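Each remark here refers to the structure printed beneath this line.
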Amino acid sequence: MNMIYSNPFSLQGKHVLVTGASSGIGREVAVWLSSQGARITLVARDIPRLEETLLRLEGEGHTIAVVDFLNEQDVSGWMKRISKEVAPFDGLVHAAGVQAPMPIRATSLSHWEKIMSTNVTSSFSLIKAFRQKGVCLDGSSIVLFSSVMAKVGEPALMGYCASKGAVESMVRAAAIELAREGIRVNCVAPGVVKTEMTETLKDLVGGGSMEIIEQKHPLGFGVPADVAYAVNYLLSPAARWVTGTALVVDGGYLA
Ligand SMILES: NC(=O)c1ccc[n+]([C@@H]2O[C@H](COP(=O)([O-])OP(=O)(O)OC[C@H]3O[C@@H](n4cnc5c(N)ncnc54)[C@H](OP(=O)(O)O)[C@@H]3O)[C@@H](O)[C@H]2O)c1
């Protein structure tokens with residue numbers, strides 16, 4: 001088989017579903033992928049902010065789908081409908097997530113379950129929906145969001161760390177099961193990237209603590225585009241032999 005592409009990183013004409021598209025990394029991923037020729041279905045809860053993202057996309061044929069991963073929703077049903085109304089999917093990027101820092105002594109069961117529903121159960125529902133017959137195309141790619149917090153710990157992040165560890169385990173199991181269906185499954189594991197999520201963390205821990213955290217990143221904090229380029233790679237034919245892995249994009253934090 002000749003696997004030489006004129007541009008193996010091209011996303012021209014691909015239909016990609018991007019969750020978390022109303023903010024931060026998900027928004028930047030959507031904007032970047034559209035600049036590379038992809039048609040995007042934008043997913044989050046906040047309609048005005050999704051519309052802001054939509055205005056920033058290049059090209060045509062983009063769509064908005066409003067979904068709340070905390071309310072039981074028929075993810076399989078709406079994904080099937082969009083794949084029929086717009087086009088079957090080539091990719092799924094699940095950037096929606098919450099960090100919700102909380103010391104263990106103050107963490108209620110409902111707080112814990114909010115983190116797990118948004119970060120973990122949503123990933124299960126999306127993977128299950130995406131692999132339905134006719135919803136995705138052969139050679140498609142799923143990219144979930146882990147974090148360096150899947151591999152190390154910090155105070156007040158037990159729920160977040162557990163959720164990202166679960167995402168990395170899901171990626172391995174799903175990659176093996178779905179390989180025979182022509183679907184690759186990976187995740188990116190970013191260090192601290194400047195977004196609203198990190199603004200919330202800064203409000204909580206204070207500017208001094210954020211400086212200490214930044215010093216742990218030899219290349220400094222990242223920006224959303226640093227992660228969007230990694231997602232581009234995992235979605236593209238350049239990564240056709242890559243599945244079941246976590247791509248660390250962390251400015252050297254884990255090193
Ligand atoms: N920023 C970092 O330093 C960093 C580092 C490592 C990993 N990550 C991971 O990267 C991903 C994106 O993070 P970010 O920094 O871009 O976060 P962000 O700016 O806070 O954006 C989070 C996104 O998730 C969506 N979301 C949250 N709860 C939702 C729900 N119940 N249903 C549907 N959508 C929901 C939000 O949209 P609505 O509010 O409109 O619903 C928003 O678009 C997350 O998985 C995060 O854990 C981030």
Side-chain angles (χ1 to χ4, degrees), residues 17-32 40-54 56 64-73 75 78-79 92-101 110-111 113-123 125-126 143-154 157 159-168 170-171 187-205 210 213-214 216-217 219-228 230-231 234 246-251 253-254:
L17 189 145
V18 180
T19 75
S22 62
S23 177
I25 297 173
R27 172 178 275 171
E28 188 63 33
V29 165
V31 171
W32 173 255
I40 313 294
T41 292
L42 303 163
V43 176
R45 295 168 298 185
D46 188 321
I47 299 174
R49 300 195 64 194
L50 282 170
E51 284 168 348
E52 274 176 48
T53 307
L54 187 63
R56 290 182 48 197
I64 284 178
V66 181
V67 174
D68 183 350
F69 292 112
L70 287 177
N71 282 343
E72 233 176 85
Q73 271 183 304
V75 176
W78 69 252
M79 216 191 276
L92 159 65
V93 182
H94 184 27
V98 288
Q99 190 175 52
S110 67
H111 186 91
E113 283 172 348
K114 180 184 169 194
I115 298 172
M116 291 300 156
S117 296
T118 314
N119 297 358
V120 183
T121 312
S122 61
S123 303
S125 302
L126 286 163
V143 182
L144 302 183
F145 267 76
S146 177
S147 161
V148 290
M149 288 300 122
K151 300 162 201 300
V152 295
E154 289 283 353
L157 288 182
Y160 185 69
C161 292
S163 74
K164 295 304 185 180
V167 166
E168 294 204 0
M170 285 170 81
V171 160
C187 61
V188 283
V192 174
V193 176
K194 287 181 202 153
T195 67
E196 275 179 27
M197 189 177 274
T198 41
E199 280 305 309
T200 312
L201 186 65
K202 187 175 168 188
D203 292 343
L204 207 75
V205 302
M210 281 311 269
I213 297 172
E214 183 155 24
K216 292 183 183 173
H217 292 69
L219 300 182
F221 286 159
V223 294
D226 294 319
V227 182
V231 170
L234 289 171
L247 177 55
V248 174
V249 184
D250 71 346
Y253 176 89
L254 288 179

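Order of appearance sets the numbers: ligands from 1, and atoms from 1 within every ligand. The model shown is predicted, which means the values in this text are computed figures rather than measured ones.
- At a heavy-atom distance under 4.0 Å, only backbone atoms of Ser146 (N, CA, C or O) approach ligand 1.
- Although no hydrogens or angles enter the test, the distance criterion places no donor-acceptor pair under 3.5 Å between the side chain of His217 and the main chain of Gly191.
- Heavy atoms of Gly191 come nearer than 4.0 angstrom to ligand 1 in at least one pair.
- Contacts between Asp68 and ligand 1, counted as non-hydrogen atom pairs separated by less than 4.0 Å, involve both the backbone and the side chain.
- Under the 3.5 Å distance criterion, the side-chain polar atoms of Asn71 are left unmatched by any main-chain donor or acceptor of Asp68.
- Between Glu51 and Arg56 no salt bridge is recorded (no basic side-chain N to carboxylate O distance below 4.0 Å).
- The nearest heavy-atom contact from the protein to atom 13 (O) of ligand 1 is Met197 CE, 3.8 Å.
- Of all the heavy atoms of Val67, the ones lying under 4.0 Å from any atom of ligand 1 belong exclusively to the backbone.
- The shortest N or O to N or O distance between Gly20 and ligand 1 is below 3.5 Å.
- Although no hydrogens or angles enter the test, the distance criterion places a donor-acceptor pair under 3.5 Å between the side chain of Thr19 and the main chain of Ala96.
- Among the atoms of Pro190, none of the N or O lies under 3.5 angstrom from an N or O of ligand 1.
- Looking at Lys151 and Glu168, a side-chain N of the basic residue comes within less than 4.0 Å of a carboxylate O on the acidic one, giving a salt bridge.
- Proximity of Thr118 to ligand 1, defined as any heavy-atom pair under 4.0 Å, is confined to the side chain (atoms from C-beta onward).
- Residue contacts with ligand 1 for Lys164 involve side-chain atoms from C-beta outward but no N, CA, C or O (heavy atoms, distance under 4.0 Å).
- The nearest non-hydrogen atom to atom 11 (C) of ligand 1, considering only Ala95, Ser122, Ala100, comes from Ala95.
- Ala166 meets the side-chain contact (heavy atoms from CB on, under 4.5 Å) test with Val120; sequence neighbours excluded.
- Backbone and side-chain nitrogen or oxygen atoms of Thr195 are examined, and one is located within less than 3.5 angstrom of a nitrogen or oxygen of ligand 1.
- The shortest N or O to N or O distance between Val192 and ligand 1 is not below 3.5 Å.
- Nearest-residue assignment for atom 46 (C) of ligand 1 (options Phe145, Tyr160, Phe221, Phe69; heavy-atom criterion): Tyr160.
- Considering backbone and side-chain N/O atoms, Thr198 never comes within less than 3.5 Å of an N/O atom of ligand 1.
- Between the side chain of His94 and the backbone N or O of Leu17, no donor-acceptor pair lies under 3.5 Å.
- Nearest protein heavy-atom neighbour of atom 25 (C) of ligand 1: Ala96 CB, 3.8 Å.
- Nearest to atom 22 (C) of ligand 1 by heavy-atom distance, out of Gly97, Ser117, Gly24, is Gly97.
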Could you walk me through whether Val188 and Leu234 pass the side-chain contact (heavy atoms from CB on, under 4.5 Å) check? CA-CA 9 Å; Val188 283; Leu234 289 171; 3.8 Å; yes

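- The pair Lys202-Glu214 fails the salt-bridge criterion, with no side-chain N (NZ, NE, NH1 or NH2) lying under 4.0 Å from an Asp/Glu carboxylate O.
- Counting protein heavy atoms only, atom 18 (P) of ligand 1 is closest to Ser23 OG, 3.5 Å.
- Ranked by closest heavy atom to atom 39 (O) of ligand 1, the top entry among Arg45, Glu28, His94 is Arg45.
- With hydrogens left out, the protein atom closest to atom 36 (C) of ligand 1 is Ser22 OG, 3.8 Å, a heavy atom.
- Every atom of ligand 1 is numbered from 1 in the order shown, and the set under 4.0 Å from a heavy atom of Asp46 is 40 (O).
- Under the side-chain hydrogen bond (donor to acceptor under 3.5 Å, both in side chains) criterion, Arg49 pairs with Glu196, sequence neighbours left out.
- No donor-acceptor pair under 3.5 Å is formed between the side chain of Ser163 and the backbone N or O of Ile115.
- Proximity annotation for atom 48 (C) of ligand 1: of Val193, Thr200, Ile25, Ile25 comes nearest, heavy atoms only.
- Under a 3.5 Å cut-off, the side chain of Asn119 and the backbone N or O of Val98 do form a donor-acceptor pair.
- In this structure, the side chain of Thr53 engages the main chain of Ala21 through a donor-acceptor pair within 3.5 Å.
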